[in-house]
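What follows is a single structure, written as structure tokens, with notes after it.
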2 protein chains.
Amino acid sequence: MCAELSLDDHAHTAYDTTVASGGFRLTRQRREVYEALLETRDHPSAVQVFMRAQKRMPTISLATVYNCLETLTQVGLVRQVNFDRGPSRFCPNAHPHGHFMCTRCHHVHDVDVPDAAALSRVWQLPNNYVVTQSEFSLRGLCPECVVAANDAE
Amino acid sequence: MCAELSLDDHAHTAYDTTVASGGFRLTRQRREVYEALLETRDHPSAVQVFMRAQKRMPTISLATVYNCLETLTQVGLVRQVNFDRGPSRFCPNAHPHGHFMCTRCHHVHDVDVPDAAALSRVWQLPNNYVVTQSEFSLRGLCPECVVAANDAE
DNA sequence: CTAGGTGCAAAAGGTTTGCGGTTAA
DNA sequence: TTAACCGCAAACCTTTTGCACCTAG
């Protein structure tokens, strides 16, 4: 369903070293937020992360979850994924990849980009532009919803 | 700077026919909003569209601008472009294309995709997914800001 | 010890909605 | 004529912020 990348271990290491050494404190809240994200790779919204983190640490606040998610994003462990005006979704997959969102069930999956270099050949921009970040996203129906949509007719 | 597509005339026709025949009323407000968008192809936000439309029609309201933009988007004449959590930008370019945003001046430009088919070869998704929409976006520095950033150092 | 983080509550910012009056077709 | 649309103001929802207290390093 969702591309498995098994970078959990790698990511844990990245957290311990990057956060601790980069001038960022390794607080219980940040760890819980990151754990909540790794636990279920379903691109949860900030509120969903909050609810999950709350189970393990009932005193955590929503504002802290937002702050932690921003810190983790700055550190590079987390990517913030936006589809239209909906709430931001968060993704602990540091590899370059795209995203697919099902317009029916609103689930978000990672999309592999085997040839990242090919992507940069697709678009044309005068060469005095400096591109620092590129991303792409797809929308449509996931297999479950294709079936469900056909049944509904 | 921005890819010129000279589809103004085509677009006008599309508005007159599509909106009028698709069960949508051709109101003064919708026309002004669309005109404001065609006038300056700089991907304005809803508030910017509002300010421009207001010059020609002082009684128009912001809520109406939002409503008109949504209608025009549904009709297919306008595309809504989102970068992160910033205000939505609106684009009257119906051709398939991507977007570039300068992280320094926040201007948004269209990005040509000469080979749209090549884009769909870049990503891999199991074939029981149905993809209805794909888009990509770039971030970086526009030529003006590359120069300005160098001067500042 | 102290810079940086947390929790709370309040505010911000963009967008949507409800409603009575208006208008395109 | 009348369903669709407009203007206004109030509501909504996600995210950010100010401040007093707390804690990792």
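Just so we're on the same page: letters track the sequence lines, and every chain starts at 1. Side-chain atoms are counted along with the backbone in the values below, which use heavy atoms only and exclude waters and symmetry mates.
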Check nucleotides 1-8 of chain D against the protein and report each pair of N or O atoms closer than 3.5 Å, with its distance, or say if there are none.
| residue | atom | partner | partner atom | Å |
| --- | --- | --- | --- | --- |
| D:dA3 | N3 | B:Arg25 | NH2 | 2.5 |
| D:dA4 | O4' | B:Arg25 | NH2 | 3.4 |
| D:dA4 | N3 | B:Arg25 | NH1 | 3.0 |
| D:dC5 | OP1 | B:Arg30 | NH1 | 2.9 |
| D:dC5 | OP1 | B:Arg30 | NH2 | 3.0 |
| D:dC5 | O5' | B:Arg30 | NH2 | 3.3 |
| D:dC6 | OP1 | B:Thr27 | OG1 | 2.9 |
| D:dC6 | O3' | B:Gln29 | NE2 | 2.8 |
| D:dG7 | OP1 | B:Gln29 | NE2 | 3.4 |
| D:dG7 | OP1 | B:Thr59 | O | 3.2 |
| D:dG7 | OP2 | B:Ser61 | N | 3.4 |
| D:dG7 | OP2 | B:Thr64 | OG1 | 2.3 |

*Hey, what's the ring geometry for B:Trp123 with A:Phe136, parallel, tilted or perpendicular (30° and 60° as the breaks)?*
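Answer is parallel, since the angle falls under 30°.
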Atom-to-atom span, [atom1] of [X] to [atom2] of [N] - whole angstrom:
{"X": "B:Glu70", "N": "C:dT16", "atom1": "CD", "atom2": "C1'", "answer": "9 Å"}
{"X": "A:Leu62", "N": "C:dT6", "atom1": "CG", "atom2": "C1'", "answer": "13 Å"}
{"X": "B:Leu69", "N": "C:dG14", "atom1": "CG", "atom2": "P", "answer": "15 Å"}
{"X": "B:Asp84", "N": "D:dT14", "atom1": "CG", "atom2": "C1'", "answer": "14 Å"}
{"X": "B:Gln48", "N": "C:dT15", "atom1": "CD", "atom2": "P", "answer": "11 Å"}
{"X": "A:Leu26", "N": "C:dT6", "atom1": "CG", "atom2": "P", "answer": "10 Å"}
{"X": "B:Phe50", "N": "C:dG14", "atom1": "CZ", "atom2": "C1'", "answer": "14 Å"}
{"X": "A:Tyr34", "N": "C:dG5", "atom1": "OH", "atom2": "C1'", "answer": "20 Å"}

_Can you tell me which residue among B:His95, B:Arg79, B:His99 is in a side chain to side chain contact (heavy atoms under 4.5 Å, CB included) with B:Asp110?_
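Among B:His95, B:Arg79, B:His99, the one that satisfies the side chain to side chain contact (heavy atoms under 4.5 Å, CB included) with B:Asp110 is B:His99.
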*Using a heavy-atom cut-off of under 4.0 Å over every strand shown, decide if A:Ser88 touches base, sugar-phosphate, or nothing.*
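Result for A:Ser88 = sugar-phosphate.
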*Does B:Glu32 reach the main-chain N or O of B:Gln29 with its side chain, forming a donor-acceptor pair under 3.5 Å?*
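No, because the side chain of B:Glu32 does not come within donor-acceptor range (under 3.5 Å) of the backbone of B:Gln29.
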*So, for A:Pro44 and A:Thr40, which heavy atoms are closest and what is the spacing to 0.1 Å?*
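For A:Pro44 and A:Thr40, the tightest heavy-atom pair comes out as CD-O, 4.4 Å.
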*Hey, what do you get for CZ (B:Arg139) to OG1 (B:Thr103), rounding to the nearest 0.5 Å?*
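The CZ atom of B:Arg139 sits 8.5 Å away from the OG1 atom of B:Thr103.
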_A:Asp42: which residues meet the salt bridge (Lys or Arg N to Asp or Glu O under 4.0 Å) condition with it, sequence neighbours left out?_
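Checked A:Asp42 against salt bridge (Lys or Arg N to Asp or Glu O under 4.0 Å); matches are A:Arg52.
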*asked:* Using OP1 and OP2 only, check whether a side-chain N or O of B:Tyr66 sits under 4.0 Å from C:dT16.
replied: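 Result: no.
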